[in-house]
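Hydrogens, waters and symmetry mates play no part in the numbers below; they use all other heavy atoms, side chains included. Because the structure is a prediction, the values reported are computed rather than measured. Sequential numbering from 1 along the given sequence is applied to the chain's residues.
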Amino acid sequence: MTPPHSEALSPIKIGSRGSALALAQVDAVERHLAEHVPGVTTETVIVATQGDIDKVSPLTEIGGRGVFTNALERELAHGHIDAAVHSAKDLPSQVSHELPIVAFPEREDPRDVLVSRHGVTLAGLPPCPVVGTSSRRREAQIRRLRPDAQIVSLRGNIDTRLRKAFQAEYDAIVLAAAGLSRMGWSSRISEAFPIDVLVPAPGQGALAIQTASQTPVRAVFASLDDPAVSEAVHAERAFLAAIGAGCTMPVGAHVQRTAQG
């Protein structure tokens, strides 16, 4: 699909959450866009989501999946923005036909990682360690690996969570490698969990671009799709949809290509 000329589209309004990580993700998309559509200009529109406004309540109490995306979808539906950039794992397994996901442009390391003030692995943490996470999926898997762990709810943007990781009330936190990588903070990782040890969330590490179905920018952003990433993430999301998993189910899924393809 050939994208329209940039002169007919600029400036393109891209919706994003206001966190440093979300803005870094938009920057990545804008770099891809500049490579595919030379001369295009963009404007970032900050949209506060329910998950950004309520940074205290557990995600399962305020709606789980969708709390970081619903407000962006509303802005998209009303035409206030031309596209929205999401972390793919934040999107519900079913999206409206009027607001399709048109591209999965890139995927960082999909693994979960441990960050600890002790600088050790999960196995090396002190007895009965206090481990922070807001994910029931991570909680269930960490309890299997360290039955003595005390899991506490941990909300906030990635920089907030990292600060807490080095406070005395926590022994470690568990979060996605992708966020640390995009922020240039991978050196803070104490342990990266193999995929088959701590299974990631469907879509973890991937970016997703959403547009309205009837808009000229759909073709522009569709040209950014990475087929290998798209194939894997679509399969993971299809699995999530097939089992009817919602925010209360600790489900992980990850597609890996074999050497044979």
Show, in sequence, the C-alpha distance, side-chain angles and deciding distance for D112 and R137, and conclude whether the side chain to side chain contact (heavy atoms under 4.5 Å, CB included) test is met. CA-CA 11 Å; D112 284 310; R137 173 189 58 81; 2.7 Å; yes

Short N-O contact, R182 and E106, less than 4.0 angstrom: yes

According to a hydrophobic-cluster definition based on side-chain heavy atoms being under 4.5 Å apart (Ile, Leu, Val, Met, Phe, Trp, Tyr only), do L72 and L23 belong together? no

Quick check on side chain to side chain contact (heavy atoms under 4.5 Å, CB included): which of I151, V131, I173, T133 does R138 satisfy it with? T133

Heavy atoms only: give me the nearest S190-G119 pair and the separation to one decimal. OG-CA, 3.9 Å

So if you build clusters from Ile, Leu, Val, Met, Phe, Trp, Tyr with side-chain heavy-atom gaps below 4.5 Å, do V130 and L122 land together? no

So do the side chains of L21 and N157 get within less than 4.5 Å of each other, counting heavy atoms only? no

Do I158 and L114 share a hydrophobic cluster (ILVMFWY, side-chain heavy atoms under 4.5 Å, transitive)? no

Got a second to check how far S16's OG is from D27's CG, nearest 0.5 Å? 9.0 Å

Sorted by chain and residue number, the salt bridge (Lys or Arg N to Asp or Glu O under 4.0 Å) partners of E139 (sequence neighbours excluded) come out as R143

Checking side chain to side chain contact (heavy atoms under 4.5 Å, CB included) for the pair V229/L207: CA distance, chi angles, key distance, verdict? CA-CA 9 Å; V229 174; L207 299 182; over 6 Å; no

Scan side-chain atoms only and decide if Q204 and H254 contain a donor-acceptor pair under the 3.5 Å cut-off. no

Please round to the nearest 0.5 Å and tell me the distance separating atom OG1 of T121 and atom CG of L145. 10.5 Å

Flag if over 12 foreign heavy atoms under 6.0 Å of CD, E169: yes

Can a side-chain donor-acceptor contact be found between Q25 and S87 if the only test is distance below 3.5 angstrom? yes

Spacing of CD belonging to E98 relative to OG1 belonging to T215, to within rounding of 0.5 Å: 14.0 Å

Quick one: are V45 and H80 in side-chain contact, heavy atoms under 4.5 Å? no

Please go through I195's hydrophobic cluster and name the other residues, only I, L, V, M, F, W, Y counting, with side-chain heavy atoms under 4.5 Å joining them. none

Grab the two heavy atoms, one from R111 and one from P200, that are nearest each other, plus how far apart they are. CA-CG, 4.5 Å

Using the rule that Ile, Leu, Val, Met, Phe, Trp and Tyr join whenever any side-chain heavy atoms are under 4.5 Å apart, tell me whether V220 and V29 fall into a single cluster. yes

Please report the closest heavy-atom contact between P126 and D171, naming both atoms and the distance. CG-OD1, 4.0 Å

Atom CD of residue position Q94 - does it have more than 12 heavy atoms of other residues, nucleotides or ligands inside 6.0 Å? no

Check V47, V85, D90 against R17 for a side chain to side chain contact (heavy atoms under 4.5 Å, CB included) and give me the one that passes. D90

Between F104 and H234, which heavy-atom pair has the shortest distance, and what is it? CE1-NE2, 3.6 Å

Cationic N near anionic O, under 4.0 Å, E236 to R107: yes

Short question: side chain of D148, backbone of C128 - any donor-acceptor pair under 3.5 Å? yes

Could you tell me the separation between the CD atom of E73 and the CD1 atom of I81, rounded to the nearest 0.5 Å? 9.5 Å

Please give me the minimum heavy-atom distance between A212 and P100, naming the atom from each residue. C-CD, 4.0 Å

Do the side chains of V113 and V199 join up, straight or via other hydrophobic residues, at under 4.5 Å, putting them in one cluster? no

Heavy atoms from other residues, nucleotides or ligands near NZ of K164 exceed 12 (cutoff 6.0 Å): yes

Is there a donor-acceptor pair under 3.5 Å between the side chain of R237 and the backbone N or O of P202? no

Closest non-hydrogen atom pair, G252 against F239: O-CE2, 3.9 Å

From CA spacing to verdict: side chain to side chain contact (heavy atoms under 4.5 Å, CB included), V115, Y170: CA-CA 10 Å; V115 175; Y170 294 92; over 6 Å; no

Gap separating the NZ atom of K89 from the OG1 atom of T69, nearest 0.5 angstrom: 11.5 Å

Report the distance from atom OG1 of T211 to atom CD1 of I14, rounding to the nearest 0.5 Å. 11.5 Å

Is R161 reaching over with its side chain to a backbone N or O of L175, donor-acceptor style, under 3.5 angstrom? no

